[in-house]
2 protein chains.
Amino acid sequence: MVKRTAKRAPRRTDGLSREVIVQAAIDLLDEGGESALTLRALTLRLRTGYGAIYHHVTDKNDLLAAAADDVIARVLAGAVVAAGPREALRGVALGLFDAIDAHPWVGAELSRQPWRPALLDFYESVGRLLHALAVPERARFDAAGALVNYVLGVAAQNAARPGRGPKDTERSTGRGTDQGTGRADFLAGVAEQWSELDPGRYPFVHEAATRLREHDDRDQFLAGVDIFLAGIATLRRT
Amino acid sequence: MVKRTAKRAPRRTDGLSREVIVQAAIDLLDEGGESALTLRALTLRLRTGYGAIYHHVTDKNDLLAAAADDVIARVLAGAVVAAGPREALRGVALGLFDAIDAHPWVGAELSRQPWRPALLDFYESVGRLLHALAVPERARFDAAGALVNYVLGVAAQNAARPGRGPKDTERSTGRGTDQGTGRADFLAGVAEQWSELDPGRYPFVHEAATRLREHDDRDQFLAGVDIFLAGIATLRRT
DNA sequence: CCAAGATTGGATCGTCAATCCAAGACGCTA
DNA sequence: TAGCGTCTTGGATTGACGATCCAATCTTGG
């Protein structure tokens, strides 16, 4: 006995499409983190209903994956070609790192589904560059996997940002990109936690706390890549 | 107008405690994956109500984190002491890998919150062993971070298992531990997907598909660890 | 024996993803 | 232009979930 013939909002004139929906999803994710992507928020932003969205998108997973694919594809498209294979590898890895740094939710999504098309080009680039570095075929597979895993490990950790909850958008007055400060505050908190540990029982972690305070995510990431590259060099075909 | 004085189920005799709840959560997670841990399932298994659980546990996050801490603590407690620092490092990493392989949900949880107490001992062990490997203090921080990130990257990927949904428990007749076969089938699926790619455009990935079919997660993980250890060796104080 | 505090059970609330159906718009044919 | 079928859209609805709340029950100390 519900009014099925109630008045409806006027139909939209501009056509809805998968691209439009994915872009709106990316915007929501960038603004409020992973938890900000809800179908309700999407319908509000697009001024439409649930049915219209589900007509173009099968699933919320589908939507999240498509958003990640989109961001990564745009990043890899603008990749720079470096001189040597070694520099090129660093460049590719850094490109992915920067992309995930700018869109933390992508990191979580990628490490959840690393076999998706988004990472195919990345994986392919790594494989070719390892070939150029004279890594024998058998070891190339393991090496590429290790590098991808390392990058994704860093990505997942970087994705773990504090707050970013729905309430943040209400609280913050400026509503600017508060990514940098959020990460810094977060690291400071962990560092304090670690520095309060018993130096006798946890000498290394206790000391690492001070490093953590002054460290730079990007620099440490690159240091890790360099360690990996140094390890790769030992696999070289002689 | 609701009967507030309805008959209640008899009160439990054995006391509920945080330990009992965490253990039940671990059982649920091991049986059905991350999505199987719901408060409803917990109340059914423990034959209790929501209030009783929330009296001992602040949050669902708290519960998940406690479960992960518990599993990891048990693993690290039984760690074997190896001869040299290099072998010890491999052993510690392998221990973590095996634990995550046995409890895939732990991997996802750890890579989501790597600063939790669960990983402190692991981090500490790595740091000390790097010291034993004569890695200078400044580089130790970066090296430990790289290694931990690599392990967590693998962990997150291993956590990404197919199915494991709530319906699985209904469908499967045997209800045994279908972990191994699930992972194998999953890898086979990805391999097929990759092998269908254009060999001209994706020569490396196309070829990696065959490797993927015959590869062993554990072996490849160890190969990655060795690459990082080889790279770390170049940081040695001479 | 009784009051105060600790513990327990479950009704209830708000939110979410997902389904479903009818209402509009569009295009094609005659 | 009129009619009809298909594509697209809006939103009511469903069912599951995390979390809160409160009354009922047990335990403990005096």
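Values reported hereafter were calculated over all heavy atoms of this structure, with side chains retained and with hydrogens, waters and symmetry mates removed. So that the names make sense, note that chain A is the first sequence line, chain B the second, and so on, each numbered from 1.
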- Message: Side chains of B:Tyr202 and A:Asp121: any donor to acceptor distance under 3.5 Å?
- Response: yes
- Task: Take B:Gln220 and B:Asp216, measure what side chain to side chain donor-acceptor pair (under 3.5 Å) needs, and give me the verdict at the end.
- Result: CA-CA 6 Å; B:Gln220 197 182 8; B:Asp216 180 79; over 6 Å; no
- Message: Looking at B:Val154, is its backbone amide N or carbonyl O close enough to the side chain of A:Tyr150 to form a donor-acceptor pair, meaning the two atoms are under 3.5 Å apart?
- Response: no
- Task: Answer yes when B:Arg112 and A:Glu34 have at least one side-chain N-carboxylate O distance shorter than 4.0 Å, and no when they do not.
- Result: no
- Query: Would you say a side-chain N or O of B:His55 is under 4.0 Å from OP1 or OP2 of C:dT8?
  - Reply: no
- Query: Can you tell me how far C1' of D:dA19 sits from CG of B:Leu63, to the nearest Å?
  - Reply: 14 Å
- Query: Atom CG of A:Leu46 to atom C1' of D:dG11: distance rounded to whole Å?
  - Reply: 15 Å
- Message: For a quick test of reading the model: is some side-chain N or O of A:Tyr50 closer than 4.0 Å to OP1 or OP2 of D:dG11?
- Response: no
Using the 3.5 Å cut-off, write out each protein N or O paired with an N or O of nucleotides 15-17 of chain D and the distance between them.
none

- Message: Please report the distance, rounded to the nearest Å, between CZ in A:Arg47 and C1' in D:dG11.
- Response: 16 Å
- Message: Expressed as a whole number of angstroms, how long is the span from B:Ile53:CD1 to C:dA11:C1'?
- Response: 15 Å
- Which class fits the ring pair B:Trp115 and A:Phe186: parallel under 30°, tilted 30 to 60°, perpendicular over 60°? perpendicular
- Between B:Leu42 (CG) and C:dT8 (C1'), how many Å, whole number? 15 Å
- Can A:Asp69 and A:Arg116 be counted as an ion pair, charged N to O under 4.0 angstrom? yes
- Atom CG of B:Leu16 and atom C1' of C:dA6 are separated, to the nearest Å, by 13 Å
- Length of the line joining B:Asp59:CG and D:dG18:C1', which is rounded to integer Å: 9 Å
- Item | Protein-nucleotide distance (A:Tyr54, atom OH; C:dA22, atom C1'), rounded to Å | 20 Å
